[in-house]
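Any value given below was found using the heavy atoms of this structure, including those in side chains, with hydrogens, waters and symmetry copies removed. We name chains A, B, ... by the order of the sequence lines, and we start the count at 1 in each one. Computed from a prediction, not measured in an experiment: that's the story for all the values here.
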There are 2 protein chains.
Amino acid sequence: MKITAQEEYGLRCIIQLARQTNGEPLMVRDIAEREGLSIAYVEKILWTLSRSGIIESVRGPKGGYRLTRPCSEISIGEVMRALGGIPSQEEICGQFTGNQETCVHHDKCDLQPVWVSITDFVHSVFDRIPLSQLLQGKLEVKMVQMTAKAPANLAG
Amino acid sequence: MKITAQEEYGLRCIIQLARQTNGEPLMVRDIAEREGLSIAYVEKILWTLSRSGIIESVRGPKGGYRLTRPCSEISIGEVMRALGGIPSQEEICGQFTGNQETCVHHDKCDLQPVWVSITDFVHSVFDRIPLSQLLQGKLEVKMVQMTAKAPANLAG
DNA sequence: CACATACCTGACTTATTTGTCAGGTACTGG
DNA sequence: CCAGTACCTGACAAATAAGTCAGGTATGTG
């Protein structure tokens with residue numbers, strides 16, 4: 001379970017935009033410098049984000065990028081999805097088909113409930129954290145413990 | 001946040017071993033057939049798992065692989081870690097350093113608490129599910145909702 | 001309207017992950 | 001002690017992700 005470069009750098013770039021309180025667009029060059037990334041790479045990442053409508057560009061002198069909505073109304077989850085993000089359960093099962101066209105387990109998969117639970121949870125966590133919350137210093141995220149159990153009639 | 005092929009197929013292979021109730025080793029060929037994977041690929045995956053000591057091989061005729069402990073004493077988390085698994089917080093911060101040697105954010109990173117919370121949680125979920133629980137039909141995993149908040153003095 | 005600024009975008013290179021191949025080693029049975 | 005079975009292992013090939021390059025387009029200023 002890996003965090004991709006797209007996700008990490010994409011979130012970091014959009015956090016830079018969220019920091020921009022005066023409403024003026026922020027240049028790619030500035031973002032690249034602040035994050036220690038190349039201009040070309042930041043352009044590519046921001047282009048991806050702008051296609052999803054989360055950010056928009058302003059061309060010409062004094063141009064740059066800015067959020068299309070206040071940062072309190074944009075969740076991390078939305079950004080993650082725009083960046084490729086966490087797969088849905090269908091995507092997971094459709095992705096690992098081995099040598100076959102479809103997964104050999106069909107709907108009798110022991111692993112599927114695990115992936116579904118984890119990914120659903122991660123989605124729900126990310127959907128509840130707006131960008132604004134990341135800017136307020138050390139964010140505290142508390143998560144109550146889960147329980148896992150098989151149907152009682154089969155347990156033993 | 002992607003599930004890797006190693007994790008998916010590694011877990012599926014070890015589930016096949018966990019199904020083997022008579023204590024006899026299971027051949028690579030059988031696993032490959034049941035999972036729709038090539039023999040060579042399954043060999044590679046099982047070799048990785050055997051290096052970590054979770055499974056062991058029996059050579060020669062009637063040989064194969066088996067778990068080194070009862071499946072009730074092996075957690076998914078342990079298997080995931082053997083397969084590359086979920087990164088620790090240090091690994092995440094050390095991985096995305098852009099053009100620099102180290103991440104430009106040092107310890108003032110807005111994103112770090114998010115990754116730490118999520119990965120800690122995922123670890124704790126996986127560590128609590130033993131392989132035996134996966135075999136008992138449809139596993140139910142319930143997770144109570146999390147809360148996220150910034151320190152009150154900075155909120156607004 | 002010319003020019004500088006700064007975004008736009010597809011093609012390309014490089015790195016990493018995924019999956020295969022080939023030849024080797026250990027064990028068992030006759 | 002020979003032959004067949006089945007694991008062992010490094011090197012290679014293919015696919016995907018990460019990151020760069022080059023030339024283009026829109027906008028504001030004098």
Worksheet item: Can you give one letter per nucleotide of nucleotides 6-18 of chain C, going 5' to 3': B for a protein heavy atom under 4.0 Å from the base, S for sugar-phosphate only, - for none?
Response: SBBB-------SS
Fill in: Residue-phosphate contact under 4.0 Å: Ser38(A) side-chain N/O, dG19(D) OP1/OP2
no
Discussion item. Taking side chain to side chain donor-acceptor pair (under 3.5 Å) as the cut-off, I'd like each qualifying pair that reaches into residues 20-32 of chain B, sequence neighbours left out, listed once.
Written reply: none
Response to the item:
side chain to side chain contact (heavy atoms under 4.5 Å, CB included) test vs Leu131(A) passes for just one of Ile54(A), Leu17(A), Ile14(A), namely Ile14(A)
Discussion item. For DNA chain D, which residues of residues 11-24 of chain A approach it to below 4.0 angstrom with any heavy atom?
Written reply: none
Worksheet item: In chain order, what residues pass the side-chain hydrogen bond (donor to acceptor under 3.5 Å, both in side chains) check against Gln6(B), with sequence neighbours excluded?
Response: none
Discussion item. Test: side chain to side chain donor-acceptor pair (under 3.5 Å). Region: residues 70-80 of chain B. Which pairs qualify, not counting sequence neighbours?
Written reply: Arg69(B)-Glu78(B)
Response to the item:
Sorted by chain and residue number, the side-chain hydrogen bond (donor to acceptor under 3.5 Å, both in side chains) partners of Asp127(A) (sequence neighbours excluded) come out as Arg81(A)
Worksheet item: How many Å lie between CD on Glu56(A) and C1' on dT27(D), as a whole number?
Response: 15 Å
Item to complete: Provide the full list of side chain to side chain donor-acceptor pair (under 3.5 Å) pairs with a residue in residues 39-62 of chain B, sequence neighbours left out, each pair given once.
Response: Glu56(B)-Arg66(B)
Discussion item. Enumerate the ring pair (Phe, Tyr, Trp, His ring centres under 6.0 Å) contacts for residues 68-87 of chain B, please, sequence neighbours excluded, ordered by first and then second residue.
Written reply: none
Worksheet entry | Spacing between Asp30(B) atom CG and dA6(D) atom P, to the nearest angstrom | 9 Å
Fill in: Distance, rounded to the nearest Å, where Ile39(A) contributes CD1 and dA22(D) contributes P
14 Å
Discussion item. With ring pair (Phe, Tyr, Trp, His ring centres under 6.0 Å) as the rule and sequence neighbours excluded, what pairs involving residues 66-92 of chain B come up?
Written reply: none
